[in-house]
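Quick caveat, the model's predicted, so the values are computed rather than measured. Residue numbering restarts at 1 for every chain, and letters A, B, ... go by the order of the sequence lines. All heavy atoms count here, side chains included; hydrogens, waters and symmetry mates do not.
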Amino acid sequence: MENLHNIPEEFLKPYNSQDHESSIYNIWEGSGYFNPDNLPGNRKEAYTIVLPPPNVTGTLHMGHAAMLAIEDILIRTARMQGKRTLWLPGTDSAAIATQSKVEGEIYKKEKKTRYELGREELLRRIEEFTDESKTTIINQVKHMGSSLDWSRYAYTLDDTRYKAVMEAFVRMYDAGLIYRGNRIVNWDPKGQTTVADDEIEYVEQKDPFYYFQYGPFVIGTVRPETKFGDKYVVMNPRDERFAQYSHGQKIELEWINGPLTATVIKDEAADMETGTGVMTITPAHSGVDFEIAQRHGLDVEQVIDERGILLPIAGEFAGMHIKKARSLIVEKLQAKGLVVKIDENYVHNIATSYRGGGVIEPQIKKQWFIDVNKEVTFPDGGLASLKQKMREVVENKSINIMPERYERTYYHWIDNLRDWNISRQIWFGHRIPAWFKNDEVKVQIDSPGEGWQQDEDVLDTWFSSGLWTFSTLGWPDKTNDLKTFHPTNVLETGYDILFFWVARMILMSTYLVGEVPFKNVYLHGLVRDGQGRKMSKSLGNIIDPLVMIEKYGADATRLSLVMGSAPGTDIKLSEDRVRGFKHFANKLWNITRFVLENFDVAALQTSLNEADQKLVDEARTLATEVTTHIDKFRLDLAGDATYHYVWGRFAAEVLEESKHILKGEASEEKASKQKALYEILIISLKLLHPFMPFVTEAIWQKLPQKDTDILMVAEWPTSK
RNA sequence: GCGCGGUUAGCUCAGUUGGUAGAGCGUCCCCUUGACGUGGGGAAGGUCACAGGUUCGAAUCCUGUAUCGCGCACCA
């Protein structure tokens, strides 16, 4: 016990994360080292990650926590390796999600819709709401220990990003990549807006499937309410059952509201195997039908309006909501003897909005689109379509997707990509810089003058998100940041938004900047509960990262999300797992206590004997191994290797075996041992710092001898 | 329908270029004036989904099957 005066008093108690985390974060933030401009030394090589911006109105969940842990590990490693390291934070307005949330709350409290409130007032309320909740998410991000450069914080709707979005739109319009057209789009009657193809989520549902007599044919449908306008009957040209009918043939028949002249259309789209092999089409309310109609130049008639109400074409049913009308229409057809049979157990997928859950009603609408097939000149002078370019940069490995198997998924998506509908009929978002006066259209940022009306629509939130890697660095201005930090090194995100976001960034950056947005895409898995189920409110199995941080510390929370989870594989998380890693933080704490209790600063002057040199070399070899793993983005293996070395080798063997020497009389052997243990401790702390920054920094702050005041900018160990 | 991934100890998963299996947690037993009981020591526990094939040798490579999950498409 004679050495007790050597060690700071805290080490006599177990490590308690709550005593240290906020003060440690303050030390880091106060040092200014989160900002690459303030980093010590002459740093040349830049290393950049742009944080996938969480929703401004959101709260931190385990998916965020995993993302923050992974990115912070990469960033802290790069920073310690002497790179000019920037991790750029931001938040996302999440247009539709945020607006419907605020609208919902206003309706609940004041029974007012957005139309009653007006555009200006609604936007004011949304801003109030986002300002308030912004601080919440930012503080929660800090609790994870994230070493983000807050001085560069960006918001998708702030002035700099506004400028970028406007510039992007105008440029792409001028290049002919953006056009306005009447096309069938996914209309969400609940949200009163269109949504993009990949914002649709298919949900299984059981509905009656009706077979109706349509002249000489039997047709099937789940949606009788769309059938009023069905005056085309489609069959496959190779279908011999219908060889007697010819393309364009007119057939008189009795239909819902009386007699009708139907026209026979022969088209490959009719599948001979499905149903009766014959179908009628509703071009105004079905994507496939619309395409058939376009191929044959058929009439397109709207049957249902934007609110889901039947139009005059429905005759006596006009003005009725489709939900009500369905059964009445069936009744009428039944009375007319036109119902052949009803299958009550038909299971099919219905399209719903990914945000908000409204059932999608395809509609023809005049919308803005990005043309993905048009050939344009890229900044490098090459000629290609957006689609081709997006494929090319991954094929030629300018962008490396991990795990690699997602490359195939990516190609598959690109190949099926259609023009991207970028206008939304909501109010919260970047308003489209298009101006109308009578039949004239002008696309420019400011009003062309008197009498010009700006387009009411706003841009799809993914349009502005697509610019994120460079809009955050000041584009379209040619800033130093843009020059230094773009392309970014890694884009780290969940595999669930590979298409939504990753692909869109590639599209925007290659065209507008002439660079890939990032060199590496690292896709992490979804965080699931201990049994592998998705975390959800209804299952009640949500593990709150903030609760875990409070109970076990941010370090333990980070480790639990990183260890044992390979790229792209889902992470199964249980509270026990987090608790287990808290023990490791304490272990490290006690290792330090032991080393310091038996330490004498003077020992650092001696030279290591052969045996001790070997021990230090062993730790340095580990450093190389860890570095290799991190370079390959195998953080799980890097963390695992360090964990096992520190606990299984350093603590269990090296420390144990040195006890008899340390307890003995002062000697060269003892001094050498003291020095070796101290050096190994230093190496261990450095290697662990990216994974568990708080406890390692807390220990570092108490060390009697070190090369930098702050571990965060200490030099990364190598095997030399 | 097309594609992808998983299937290894009770649970969660490793297993790098093929050399007859590992970790953590859990379970059971032992150990407290020890740096740390948030600890230490030890034990039990696996026909590596199944069937073929290649090979001196297969958890690992190939083919097929089953099963679970995911993505895309279709959904009249």
Side-chain angles (χ1 to χ4, degrees), chain A residues 1 3-4 7 11-16 197-198 202 204-205 207 209-212 214 217-223 226-227 230 233-235 269-271 273-282 286-289 292 346-351 403-413 415-416 495-496 498-499 525-526 528-534 552 556 560 563-566 568-574 576-577 579-598 628-629 632 634 636-637 640 643-644 647-648 651-652 655-656 658-659 662-663 677:
Chain A
M1 298 306 259
N3 282 321
L4 269 188
I7 61 163
F11 285 102
L12 301 178
K13 298 177 297 183
Y15 175 70
N16 181 1
D197 289 345
D198 42 21
Y202 291 92
E204 216 170 66
Q205 190 170 300
D207 279 307
F209 190 85
Y210 306 94
Y211 290 90
F212 298 139
Y214 186 82
F217 309 107
V218 174
I219 58 155
T221 185
V222 234
R223 306 202 53 198
T226 64
K227 294 288 152 198
D230 288 12
V233 58
V234 183
M235 58 209 72
D271 182 0
E273 310 296 317
T274 310
T276 56
V278 188
M279 61 179 177
T280 61
I281 56 169
T282 315
S286 152
V288 182
D289 293 1
I292 295 170
Y346 182 69
V347 178
H348 65 139
N349 291 328
I350 54 159
E404 212 174 356
R405 65 186 135 93
Y406 281 99
E407 284 185 7
R408 293 187 64 155
T409 316
Y410 174 81
Y411 294 140
H412 188 254
W413 180 80
D415 294 341
N416 289 302
Y495 60 72
D496 50 332
L498 177 63
F499 308 135
L526 302 178
R528 297 170 178 278
D529 75 359
Q531 283 125 61
R533 300 173 305 178
K534 244 183 186 168
Y552 310 111
S560 71
M563 299 278 269
S565 63
T569 354
D570 291 349
I571 302 159
K572 292 199 181 103
L573 185 76
S574 60
D576 279 345
R577 230 176 110 74
R579 192 185 299 120
F581 288 112
K582 182 192 175 182
H583 301 169
F584 182 55
N586 191 56
K587 185 74 185 177
L588 191 62
W589 190 250
N590 282 300
I591 289 170
T592 308
R593 172 177 166 181
F594 177 81
V595 172
L596 292 187
E597 268 179 12
N598 294 288
T628 310
H629 285 316
K632 290 181 181 162
R634 290 303 303 265
D636 54 324
L637 299 180
D640 207 55
Y643 178 94
H644 285 107
W647 201 319
L655 291 189
E656 285 303 324
S658 57
K659 279 181 182 170
L662 296 172
K663 300 286 174 231
L677 296 184

**Partner set under side chain to side chain contact (heavy atoms under 4.5 Å, CB included) for A:A556, not counting sequence neighbours** = A:Y552, A:V578, A:F581, A:K582

**Message:** Whole angstroms only, please: what is the CZ-C1' distance between A:F594 and B:G34?
**Reply:** 10 Å

**Message:** Taking Watson-Crick (N1-N3 plus N6-O4 or O6-N4) and G-U wobble (N1-O2, O6-N3), each under 3.5 Å, can you produce the dot-bracket string of RNA chain B? Use [ ] for crossing pairs and | for inter-strand ones.
**Reply:** (((((((..((((.....[..)))).(((((.......))))).....(((((..]....))))))))))))....

**Message:** Rounding to an integer number of angstrom, what distance separates B:G45 and B:G3 when you compare their C1' atoms?
**Reply:** 38 Å

**Prompt:** Atom CZ of A:F581 and atom P of B:A23: how far apart are they, to the nearest Å?
**Reply:** 16 Å

When you compare the protein's N or O atoms with those of nucleotides 74-76 of chain B, which come within less than 3.5 Å of each other, and at what distance?
unit_1, atom_1, unit_2, atom_2, d
B:C74, N4, A:N349, ND2, 3.0
B:C75, O2', A:Y346, OH, 2.4
B:A76, O3', A:G220, O, 2.2
B:A76, O3', A:T221, N, 2.8
B:A76, O2', A:G220, N, 3.0
B:A76, O2', A:G220, O, 2.0
B:A76, N6, A:D271, N, 3.1
B:A76, N1, A:D271, N, 3.0

**Prompt:** When the P atoms of B:U7 and B:C62 are considered, how many whole Å apart are they?
**Reply:** 15 Å

Find every protein N or O atom lying less than 3.5 Å from an N or O atom of nucleotides 3-7 of chain B, and list the pairs.
unit_1, atom_1, unit_2, atom_2, d
B:C4, OP1, A:R408, NH1, 3.3

**Prompt:** How close or far is atom C1' of B:C25 from atom CG of A:D640, stated in whole angstroms?
**Reply:** 14 Å

**Prompt:** Parallel, tilted or perpendicular for A:Y210 and A:F212, by the 30°/60° rule?
**Reply:** parallel

**Request:** Would you mind reporting whether A:Y214 and A:V278 have side-chain heavy atoms less than 4.5 Å apart?
**Result:** no

**Message:** If we check ring pair (Phe, Tyr, Trp, His ring centres under 6.0 Å) with A:W589, which of these qualifies: A:F584, A:F11, A:F594?
**Reply:** A:F11

Enumerate the protein-to-nucleotides 15-17 of chain B contacts in which both atoms are nitrogen or oxygen and the separation is below 3.5 Å.
none

**Message:** Measure CD1/A:I591 against P/B:C36 and give the value in whole Å, please.
**Reply:** 13 Å

**Any donor-acceptor pair under 3.5 Å from A:T276 side chain to A:V218 backbone** = yes

Which protein N or O atoms sit under 3.5 Å from an N or O of nucleotides 37-44 of chain B?
unit_1, atom_1, unit_2, atom_2, d
B:U38, O4', A:H583, NE2, 3.2
B:G39, O3', A:K587, NZ, 3.3
B:G40, OP1, A:K587, NZ, 3.4
B:G40, OP1, A:W647, NE1, 2.5

**Complete:** Smallest heavy-atom separation, A:N586 atom then A:Y15 atom, equals OD1-N, 2.9 Å

**Asked** What closest approach, in Å, do A:K659 and A:E656 show between heavy atoms, and which atom pair accounts for it?
**Response** NZ-OE2, 3.0 Å

